[in-house]
Amino acid sequence: MSERTYYVTTPIYYISGQPHIGHAYTTIVADVLARTARTSRSSFFLTGTDEHGQKVAEAAEHAGMSPQAWCDALVPRWQQLFASYDCAYDDFIRTTQPRHERVVSAVFEQLRANGDVYRGTYEGWYCVSDETFWLESKLIDGNCPTCGRPVTRLTEESWFFRLSAYRQRLLEHFRANPEWVRPRSAYNEMLAILEGGLEDLSISRTAFDWGIPIADGSGVIYVWFDALLNYISAIGWSSDNAAFHARWPADVQLVGKEIARFHTIVWPAVLMALGLELPRLVYAHGWITVDGQKIGKSLGNAVDAFVLAERYGADTIRYFLLREAPFGSDFSYSEEKIIARRNADLGNDLGNLLNRSISMITKYFSGVVPLSTATTFSDAFTTLPPRYTEAVLDLRFRDALEDAWTLVSGLNRSIDEHKPWALAKATDDSEAQARLATVMYDLIAGLRWLAIMLAPIMPDRAREMWHQLGFTDDIALQSIRELQWHDLLPGHHVGTGAPLFPRLELTS
RNA sequence: GGCUCGGUAGCUCAGUGGUAGAGCAGGGGACUCAUAAGCCCUUGGUCGUAGGUUCAAAUCCUACCCGAGUCACCA
């Protein structure tokens with residue numbers, strides 16, 4: 001048996017509107033994980049769109065389109081966004097695709113057959129003028145909280161998922177696996193919900209028909225129940241056992257913190273009902289904010305993610321998103337901060353290091369990596385690549401990048417310590433010449449490491465770096481974990497340097 | 001309102017009982033291979049507030065203030 005495939009998912013994005021930087025953020029993170037995992041094993045990266053439900057139906061109606069036409073028109077926007085950020089997903093699932101609808105219907109039938117889905121009645125307060133159901137706790141003096149009119153008691157037949165039956169097993173799983181939901185705050189919150197008790201979940205709707213129909217005509221399937229199943233419908237559950245079992249359970253399921261509940265309580269209960277393993281990790285990350293305010297079209301502060309990619313380059317934004325704040329917590333975005341990171345970390349530290357190194361080796365050794373009999377770096381940094389990889393796969397991107405930058409700083413410092421320009425002038429001093437060879441060898445060796453390590457995060461700039469360093473094979477195939485300093489062979493010809501990250505000034 | 005998380009230098013954050021840290025920004029210096037970049041030195045904080053526990057608290061406890069999320073059918 002070969003090693004299991006690394007399987008990472010993003011939420012499928014609800015297409016009631018346009019995509020924004022927040023969608024790109026989650027997808028970039030998944031892409032970085034997939035690319036990193038791929039340097040040592042096979043990996044599968046799934047994203048897609050969630051297309052059913054009332055909101056989509058309404059959005060389509062306002063646009064004068066059928067729901068399906070609306071979705072068909074919008075899906076390319078998401079795909080273009082992800083392409084503009086170099087997100088190389090392996091599959092893009094849409095919940096309106098037959099391969100998905102088949103699975104949802106099959107799951108519904110299977111769970112009905114074993115009693116986890118049953119016919120019951122839903123009772124609640126309903127505001128006729130707003131056409132909205134309200135929880136008793138939300139009512140204001142027994143009236144509708146938005147329009148103030150009296151609400152009526154409504155009783156409706158509905159299909160329920162027996163969520164409450166899984167409470168004990170969920171609790172056990174949470175307690176036995178305190179790391180399965182991260183960050184810790186999300187774990188605590190979800191555990192508290194479990195401890196407070198669970199009620200069964202109504203999983204059918206009759207007020208509208210944009211959804212997957214229930215076989216007996218009793219409405220459509222609730223969009224969340226539908227949506228969650230994408231994670232298994234896309235990889236062949238019930239249709240391709242070999243493919244399915246090579247991938248499931250997912251290694252990482254990324255979600256925004258606002259949907260942690262569905263992914264850490266409802267979703268695992270459904271998996272238990274199906275007799276499937278639970279994902280290894282659900283990571284509920286924070287949001288990108290503008291001045292501390294959540295990005296959303298209703299706030300009118302949505303950053304045009306397409307413009308950002310074009311203005312700063314996908315790799316600069318990718319780096320910024322992973323480096324600026326610890327993954328998991330919210331962080332405030334601004335173009336000033338992007339430019340600061342770009343110029344300081346990428347331009348001054350990394351880009352300039354590459355440029356000055358190539359310039360010197362070209363000047364002093366005609367671009368040929370010299371034979372070195374000593375070394376200035378390998379001892380201090382031998383454990384960096386595996387440590388870096390572990391941090392990335394553990395979603396500690398900030399730590400990983402800080403760690404990688406110790407090598408960047410170390411190389412810059414070494415140049416100033418050894419003053420190659422002075423050594424080069426001492427042409428009749430053989431010791432100086434040997435030291436010059438060592439310094440230059442170590443610079444190129446270190447830059448080679450950096451290009452390979454950074455490739456999952458900045459695929460385009462790392463590739464450019466790789467080419468400037470004179471390598472012609474595929475950088476994505478290089479194993480980060482197994483990097484060896486002396487895999488750089490003397491005699492190797494470097495290429496031509498050109499600024500990797502030209503300085504930017506704030507425009508507008 | 002209940003619950004969860006956060007509030008540490010101008011900015012972004014590390015630090016979970018033992019003399020306050022990093023990067024960036026600011027100031028000074030020596031150099032020149034380089035994207036006026038890099039290197040060295042340096043200014044800067046009563047660790048949200050008020051109490052408490054302790055020989056010792058940013059770190060534990062209590063209350064409060066501020067910000068964010070969530071509280072079950074919008075997704």
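It should be emphasised that the depicted structure is a prediction, and the values quoted were computed from it without experimental measurement. As a basis for the values below, the full set of heavy atoms in this structure was taken, side chains included, without hydrogen atoms, waters or symmetry mates. Within every chain, numbering begins at 1; the chains are lettered A, B, ... in the order of the sequence lines, protein sequences first and strands thereafter.
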| request: Quick one: label A:Lys337 by what it contacts on the DNA or RNA (base, sugar-phosphate, nothing), any heavy atom closer than 4.0 Å. | output: sugar-phosphate

| request: Measure the distance from CG on A:Asn343 to P on B:A36 and round it to the nearest whole Å. | output: 11 Å

| request: Give none if B:A14 has no partner; otherwise give the nucleotide forming a Watson-Crick or G-U wobble pair with it, both distances under 3.5 Å. | output: none

| request: Look at the side chain of A:Asn355 against the base of B:A34 and say whether a donor-acceptor pair falls under 3.5 Å; ignore hydrogens and angles. | output: no

| Selected nucleotide, minimal atom distance to A:Arg413 side chain, candidates B:U70, B:C33, B:C39 | B:C39

| said: Using modelled atom types and a 3.5 Å cut-off, is there a donor and acceptor pairing between side-chain atoms of A:Tyr222 and backbone atoms of A:Trp159? | reply: no

| query | How would you label the contact of A:Pro326 with the nucleic acid (heavy atoms, under 4.0 Å): base, sugar-phosphate, or nothing? | reply | sugar-phosphate

| note | Paired to B:U49 by Watson-Crick or G-U wobble criteria (both distances under 3.5 Å) is B:A63

| message | Are A:Trp224 and A:His263 an aromatic pair, judged by ring center distance below 6.0 Å? | response | yes

| task | Could you check A:Val369, A:Val368, A:Thr362 and say which one makes a side-chain contact (heavy atoms from CB on, under 4.5 Å) with A:His493? | result | A:Val368

| request: Classify the nucleic acid contact of A:Gly53 as base, sugar-phosphate or nothing, counting any heavy atom under 4.0 Å across all strands shown. | output: nothing

| said: Which nucleotide wins on minimum distance to the side chain of A:Lys363, given the candidates B:A34, B:C3, B:A72? | reply: B:A34

| query | Under 4.0 Å: is that the gap between some side-chain N or O of A:Tyr222 and OP1 or OP2 of B:A75? | reply | yes

| field | Base partner of B:C39, which must satisfy Watson-Crick or wobble distances under 3.5 Å | value | B:G29

| In whole angstroms, how far is the P atom of B:U4 from the NE2 atom of A:His285? | 23 Å

| query | Quick one: A:Asp416 CG to B:G38 P, roughly how many Å, whole number? | reply | 10 Å

| Side chain of A:Phe262 (C-beta onward), nearest among B:U35, B:C33, B:A75 | B:A75

| message | Just to be sure I understand the rule, does A:Arg261 reach a base, reach only the sugar-phosphate, or reach nothing, if contact means heavy atoms closer than 4.0 Å? | response | base

| Nucleotide of B:A14, B:U35, B:A75 approaching A:Pro499 most closely (side-chain heavy atoms) | B:U35

| field | Nearest-angstrom distance from the residue atom CD of A:Glu402 to P of B:A14 | value | 9 Å

| query | Is it true that A:Trp267 and A:Phe262 have ring centroids separated by less than 6.0 Å? | reply | no

| note | Considering only heavy side-chain atoms of A:Arg205, the closest of B:C24, B:C73, B:A75 is B:C73

| task | When you get a sec, tell me which of B:C5, B:C3, B:U32 is the closest nucleotide to the side chain of A:Ala192? | result | B:C3

| said: Let's test this: given Watson-Crick or G-U wobble pairing with both distances under 3.5 Å, identify the partner of B:U70. | reply: B:G2

| task | Take the protein atom CZ of A:Arg341 and the nucleotide atom P of B:G23, then report the distance between them rounded to whole Å. | result | 12 Å

| request: Look at all strands and tell whether A:Leu500 reaches a base, only sugar-phosphate, or nothing, counting heavy atoms closer than 4.0 Å. | output: base

| field | B:A58 pairs with, by Watson-Crick or G-U criteria that keep both distances under 3.5 Å | value | none

| task | Give none if B:A34 has no partner; otherwise give the nucleotide forming a Watson-Crick or G-U wobble pair with it, both distances under 3.5 Å. | result | none

| task | Answer yes or no: is there a donor N or O on one side and an acceptor on the other, between the side chain of A:Arg77 and the main chain of A:Gln18, under 3.5 Å? | result | no

| said: Students often get this wrong, so: under 4.0 angstrom with heavy atoms, is A:Leu198 touching a base, only sugar-phosphate, or nothing? | reply: base

| A:Gln433 (side chain) donor-acceptor with A:Ala426 (main chain) under 3.5 angstrom | yes

| Has A:Asn348 got a side-chain N or O lying under 4.0 Å from the OP1 or OP2 atom of B:U35? | no

| query | Distance-only, no hydrogens or angles: does the A:Arg503 side chain make a donor-acceptor pair with backbone N or O of A:Arg342 under 3.5 Å? | reply | no

| query | Considering every strand shown, what is the Watson-Crick or G-U wobble mate of B:A75 when both distances are under 3.5 Å? | reply | none

| message | Please pick, from B:C39, B:G69, B:U4, the nucleotide with the shortest atom-to-atom distance to any side-chain atom of A:Asn188. | response | B:U4

| query | Using a cut-off of 4.0 Å on non-hydrogen atoms, how would the nucleic acid contact of A:Ser202 be classed: base, sugar-phosphate, or nothing? | reply | base

| request: Classify the nucleic acid contact of A:Phe501 as base, sugar-phosphate or nothing, counting any heavy atom under 4.0 Å across all strands shown. | output: base

| said: What contact category does A:Glu199 fall into here, base, sugar-phosphate, or nothing, at under 4.0 angstrom with non-hydrogen atoms? | reply: base

| request: Starting at atom OH of A:Tyr14, determine the distance to atom P of B:C74, rounded to an integer number of angstrom. | output: 11 Å

| task | Give the nucleotide from the list B:G38, B:C13, B:U32 with an atom nearest to the side chain of A:Asn412. | result | B:G38

| query | How many Å lie between CG on A:Leu354 and P on B:C33, as a whole number? | reply | 18 Å

| remark: Separation of B:G6 atom C1' from A:Tyr187 atom OH, nearest Å, is 20 Å

| task | Assign A:Asp345 to base, sugar-phosphate, or nothing according to its heavy-atom contacts below 4.0 angstrom with the strands shown. | result | nothing

| query | What is the nucleic acid contact for A:Lys257, judged by heavy atoms within less than 4.0 Å: base, sugar-phosphate only, or nothing? | reply | sugar-phosphate

| query | NA contact type, A:Pro502, heavy-atom cut-off 4.0 Å: base, sugar-phosphate, or nothing? | reply | base

